[in-house]
Amino acid sequence: MTLLRHLVAAVVAGAVLWAASVQLSAFRDFQMAEIAVYVVAIAGLSVLIGLSGQISLGNGAFMAVGAYTTALLMIHLDWPLWAVLPASAAVAAAGGAVVGLAAARLSGPYLAGATLMLAVALPSLAVQFPGVFGGDQGLSVTVTAPASLGAAFPQTRWLAWVCALATLVTLVILANLARSRVGRNWRAIRDDPVAAALAGLNVAWLRVLAFIVSAACAGLAGAMLAVTTSLVSPGSFTLSLSIALLAGAVLGGLGTLLGAVWGGLVIVLVPTYVTDVASSHGLSGGVAANIPIAAYGVVLIVVMLAFPYGIQGGLRRLAGQFLSTPPTRLGPPGQRPPADEHAEDLDSPYRRPPVSEHQEEGTS
Amino acid sequence: MIKSFSLRLPVIAAAVTASLVAAGCGSSSSSGGSGGAAAASAPGITSTQILIGSHQPLTGPAAPGYSEIAPAANAYFQYVNAHGGINGRKIKYTYLDDGYDPAKTVSVVHQLVLQDSVFAIFNGLGTPTHLAVAPYLNSNKVPDLFIASGCDCWNNPTTYPYSFGWQLDYVREGKILGAYIKQHFAGKKVGYFYQNDEFGQDGVKGLDMEIPHSQVVSRQTYVPTNVNIGPAAAALKASGAQVVVSFSIPAFTALLKLAALKLGWNPTFVVSDVGSDPMTLAGLLEAFAKKGGATVQGNQLTQGIITDGYLPTLGDTGNSWIALFKKVHDTYDAKAPFDGNVLYGEAVGYAFVQAMLKAGKNPTRASVVKAIEGGIAQGASVAPYDYSASDHGGMMGAFIGVIKNGAIVQQGPVWTTDTSATGAVTSFTGTQPAAPANGIP
């Protein structure tokens, strides 16, 4: 039932995206692919933080794992694209399992620290073994649109199609997972691990599983990034990427798939728009160059002040105030909603209060 | 309860698509440079304008110093624009920040090529960053002119028919430094210290073509992300090296010098052009020493460092090129210090104007490639260019210099060579032409 509904929704979304990609300019198609990369990566992180209550500053490293897997499979084994994307996700998931085994024993700042180390250390392996990973200059990946589409078919539209499809598939899987028993169990261990364990849940395994799912998403995103940018190099997987993913997840709204979409849109589009505006107003080089970063910071601060639950949470509140829902039902921030109403709701901002406890542990 | 979230996914789907479509509709209409004017001969070229783009590290780790280059090139373009432009067309130079992140480079170059429809990508900065876009530019036949990287990899007309290097490549530089060491430090023990990537490895390739292997007693590397170079310095000292050749960026030249100072070890330092700008070095030395609780005189420590240069030295105020670029700098880019980076930016801007003038009254992407392959006259560089249909490298040589009192002083003639193991390092017999009086090629 749920699966069917999600599938129908995904097909509709796919049709609209397809129509859009045909209408849009080549560069906008490219941006669509870029946004898709971030949506997948952020969705994976959002599930980890928002549902299982763990934090990761290392998902940029899992993206690197996926991206290098893609490059190596394509260069050495000549695998086709449809096989490479899931394979990259699988390899990253295996990496996630290993890290998850260690991470399940850690919590709060220790977990953040361990995953931070991953983000810093893993990409530099590529520099240490230049023979395999191409060193600083990386490996190039060439993906061309299938010949059956015609020689004049825009390459960026093909990229947009591939990435949009991969994103929709990922979102359907994640949406189902979140509503399945696994998703409920994750929420249980997030809200109270001791109670969950007493109720018979295997807390450690559930935590590892969340890491696996999150890493698989990051790996797929890395593979998509490799295909989109046609290059895999350590410079693309810096610590700031991992931080950007976290910022995107928080900005969009933790634990919500729609929030991941908002996060991806902000990360990709805000700098581009602001750069356009800054350069069209003839600002001096040094100022114009730093404005996108400043604007990103301002957006982050404003969103956090205005919408503590992220953009998605904020929109829900607004919608709740203007639509049929009586405002009293929403209650003040921090107050737990009636359990039956939103208990299984992945998109509800109400999962925020319990998360914030973990958040504080994780980031303080 | 079913009702409460039955709309959830469709809502997500609708929002995803709506936002992506909204994103797309934004400013996609502004593209296209092919208006109806008669002289609009190529993308980015109208009857009144030549639009070019670039990716530059305006923020991030590579920004200090390097972020001065594009504004300096733009200053020279403004000077040209104010003096009639190129065949009546004004140059518009759009350089976007990539933060030295290859993924971002891909993004901004797509934006420049697809959305802004630039005529060419000019002086894209960095080896790892530019490698990310060179295949894309070439498969789309976008001229990729005068890349700001000394990697030998651009000089590959078969793979990259639209790419051209400009500055002296690191292999040639290594050979020129190596030949100098072979001649002046015969029999002395030599140690290498180099960045473990294309830059350092190419440099060492060149050094090894000239310096006998028996003379090299130690080879130490560093990666730019790890500032702990103490062990490498200790190993070099232990090897008994009397001459240390350093293919390093300025920060690591300074770190090596300070580490040697700490060890009480005083070899002769030979440093590649990239890592030897005296002003930058002196500042870094003083800053690093201060962090370690010591006070040093930057200019005292750089005294005697041997290096090379492919543009006239800044202190050579009698040089007509320095006078020209100083004048342009003072008018259009006065806020930046007149240092090596600014000189570089203006000089490469000059080369671009040379190429465009040669590409004809109504230049096309193919005609500018052909123009450069036909050879570009020697401009601000001390040695000529070697551009041809089979060579897309750039400058052929440099002089050897020694840092004295915070400035590089040229020693002896300009040396030229090629990138092969057998090509000799010979002294350049020609003289550098004077800068044109009106400052335009």
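Chain letters run A, B, ... following the sequence lines, proteins first and then strands; every chain starts at 1.
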Asks: For the OG1 atom of A:Thr272 and the CG atom of B:Leu96, what is their distance to the nearest 0.5 Å?
Replies: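 If I round to the nearest 0.5 Å, the distance is 9.5 Å.
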
Asks: For this output row, return yes or no: ring centroids of A:Phe27 and B:His110 closer than 6.0 angstrom.
Replies: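 Here the rings of B:His110 and A:Phe27 have centres that are no less than 6.0 Å from each other.
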
Asks: To the nearest 0.5 angstrom, please state how far the CG atom of B:Leu114 sits from the CZ atom of A:Arg28.
Replies: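 The distance works out to 11.0 Å.
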
Asks: Mind listing the closest non-hydrogen atom pair of B:Thr59 and A:Ile293 along with its distance?
Replies: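 Nearest heavy atoms, B:Thr59 then A:Ile293: CG2-CD1, 3.7 Å.
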
Asks: What part of B:Glu198 gets closer than 4.5 Å to chain A, counting heavy atoms only: side chain, backbone, both or neither?
Replies: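 The answer is the side chain of B:Glu198.
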
Asks: Measure B:Asp97 against the heavy atoms of chain A and call it side chain, backbone, both or neither at under 4.5 Å.
Replies: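 Side chain only.
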
Asks: So, taking the atom named OG1 in A:Thr229 and the one named OH in B:Tyr136, what distance separates them when rounded to the nearest 0.5 Å?
Replies: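 So the gap between those two atoms works out to 12.5 Å.
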
Asks: At a 4.5 Å cut-off on heavy atoms, which part of A:Thr142 comes close to chain B: side chain, backbone, both, or neither?
Replies: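 For A:Thr142, neither part sits under 4.5 Å from chain B.
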
Asks: Do you know the tightest heavy-atom contact between A:Ser236 and B:Asp101?
Replies: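 So the minimum-distance heavy-atom pair works out to CA-OD1, 3.4 Å.
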
Asks: With a sphere of 6.0 Å drawn around OH of A:Tyr38, does it hold more than 12 non-hydrogen atoms of other residues, nucleotides or ligands?
Replies: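 Not more than 12 within 6.0 Å, no.
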
Asks: Taking every heavy-atom pair that is under 4.5 Å apart, which of B:Ala103, B:Gly126, B:Pro135 has the most such pairs with chain A?
Replies: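 That would be B:Ala103.
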
Asks: Which atoms of B:Ser107 are under 4.5 Å from chain A, going by heavy atoms: the side chain, the backbone, both sets, or neither?
Replies: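 For B:Ser107, backbone and side chain are both near chain A.
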
Asks: Rounded at 0.5 Å granularity, tell me how far CG in A:Leu231 sits from NE2 in B:His130.
Replies: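 The NE2 atom of B:His130 is 12.0 Å from CG of A:Leu231, to the nearest 0.5 Å.
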
Asks: Tell me, for A:Leu241 versus chain B, whether the close heavy atoms (under 4.5 Å) come from the side chain, the backbone, both or neither.
Replies: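 No part of A:Leu241 comes within 4.5 Å of chain B.
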
Asks: Can you tell me which portion of A:Ser233 sits under 4.5 Å from chain B's heavy atoms? Options are side chain, backbone, both or neither.
Replies: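 A:Ser233 touches chain B through side-chain heavy atoms alone.
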
